[in-house]
Amino acid sequence: MGSGRFVDSIRKKRMGMALTVQEIQEMIVRYVAGDIPDYQMSAMLMAICFQGMNDEELTTLTTAMRDSGEVIDLSAIAGVKVDKHSTGGVGDKTTLIVGPIVAACGVPVAKMSGRGLGFTGGTLDKLESIPNFRVSLSGDEFVRAVRENGISVIGQTENLAPADKALYALRDVTGTVDSIPLIAASIMSKKLAAGSDKILLDVTTGSGAFIKDIEGSYALARRMVAIGKGAGKETAAMLTSMEEPLGEAVGNNLEVIEAIRTLQGNGPEDVKEICLALAGMMLSLAKTKEGETALSFEEGKEEAREALESGRAFAKFRDMVQTQGGDVRYIDEPERFEKAEVTEELAAQADGYIVKMNTEGFGIAAGMLGAGRETKESTIDNSAGILVKKKTGEYVKKGDVLAVCCGSRPEQVTRALAYLQDCIVIGPQQPEPLKLIVDIIS
Ligand code: URA
């Protein structure tokens, strides 16, 4: 440990000094091996929360976490592979749409996704709500699926950045989750291990994001882009607004149905706009024109729009579901998805404009309805969730339906409805329109 004793590194960080490469690398190796006890690592995490880390320390921490497990080799798949990662949101079904769009434009998508975390939903849970869809493919099956269809989305392998798994569990119980450097290292260690050549980060900001303030979101985006650069992978970030749920559906079946609608050209405008922007950015990272100049963001968006509007992206999604064992009858006839047994409408209490939505509250209410996990062992009710009927800036009259809560038990639905009531603020003044794509950092 440089000087040998981990306690000295803890003191050093506590006093605001930078740790050496050797200290950081040894810390991760020894922690994963069980040589550093949780109480000491907790103290170190808390010191990092207060004192931060410079870019060099952070890149070293992230690459050490990446190297704690398997680093996926995607070289058997031809072409530039671009990964996309969202820092979390409510109603965020973008991967289900963006992945097929990008694949339909000839850029391979070999993606490892995660499950819901806290009040946010996860792509894997959404995909698993399609009957028989397999999110655990062997390495060979995964590579074959991408080579044949251009796309596969699976769960993270067990041995992907195990240091992050252990550290995340410790952060969760020591009040050290919401630290920008620790979040940046956690996300980027997994992205770097997942093997793509380039990375696009969708950094959400606002009331439904982990980091809610714009300065913090910029800081997180910049730190992750710097880590990517430090680790030799081109990385860009798009700051997107989570000041209201994305689209009109929150909850697994409801979101898959909305993704299908969007891929068929009938989705909500905000979902389409974000998906075309993300896909456009991924294409501009991956593709070059004659003369080896990169595709511009606008050119990427145009290619993405063509793939979406021609139905080629929908066909890719359907192929992916079929290849991964999912029942495509549900894709062709989404009315087959199980419906919630109990639904209750949330009515506006007054006339006026919707001036603010507490998006995290929508995620929490969806969790109360059964759409998320309360404990690690909880099973998800795929038909549960919320249909969002009115969004920020719309004028409503007293009694208008603002949202519909869907669940399986009446008392659960009543509780979620009461909670949701306080998550929508109605006022006399029309608010400024929300800007969905806040900024791009590359
Ligand atoms: N997502 C992660 O993977 N890690 C964090 O620390 C926060 C969100």
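When a ligand or atom number is given, it counts from 1 through the structure's own listing order.
Residue R415 places its CZ atom among 12 or fewer non-hydrogen atoms of other residues, nucleotides or ligands, all under 6.0 Å distant.
Inter-residue side-chain proximity for V177 and F210 is flagged as unmet; no heavy-atom pair is nearer than 4.5 Å. Residues I354 and L402 form a side-chain contact, since some pair of their non-hydrogen atoms from C-beta on lies under 4.5 Å apart.
A side-chain donor-acceptor contact under 3.5 Å links S383 and D381. Checked by atom type, the side-chain pair Q324/S152 shows a donor-acceptor distance below 3.5 Å. Of the N and O atoms on the side chains of D164 and S189, not one donor lies less than 3.5 Å from an acceptor on the other residue.
Near ligand 1, L117, Y168, R171, I183, S186, I187, K190 each place a heavy atom less than 4.0 angstrom from the ligand.
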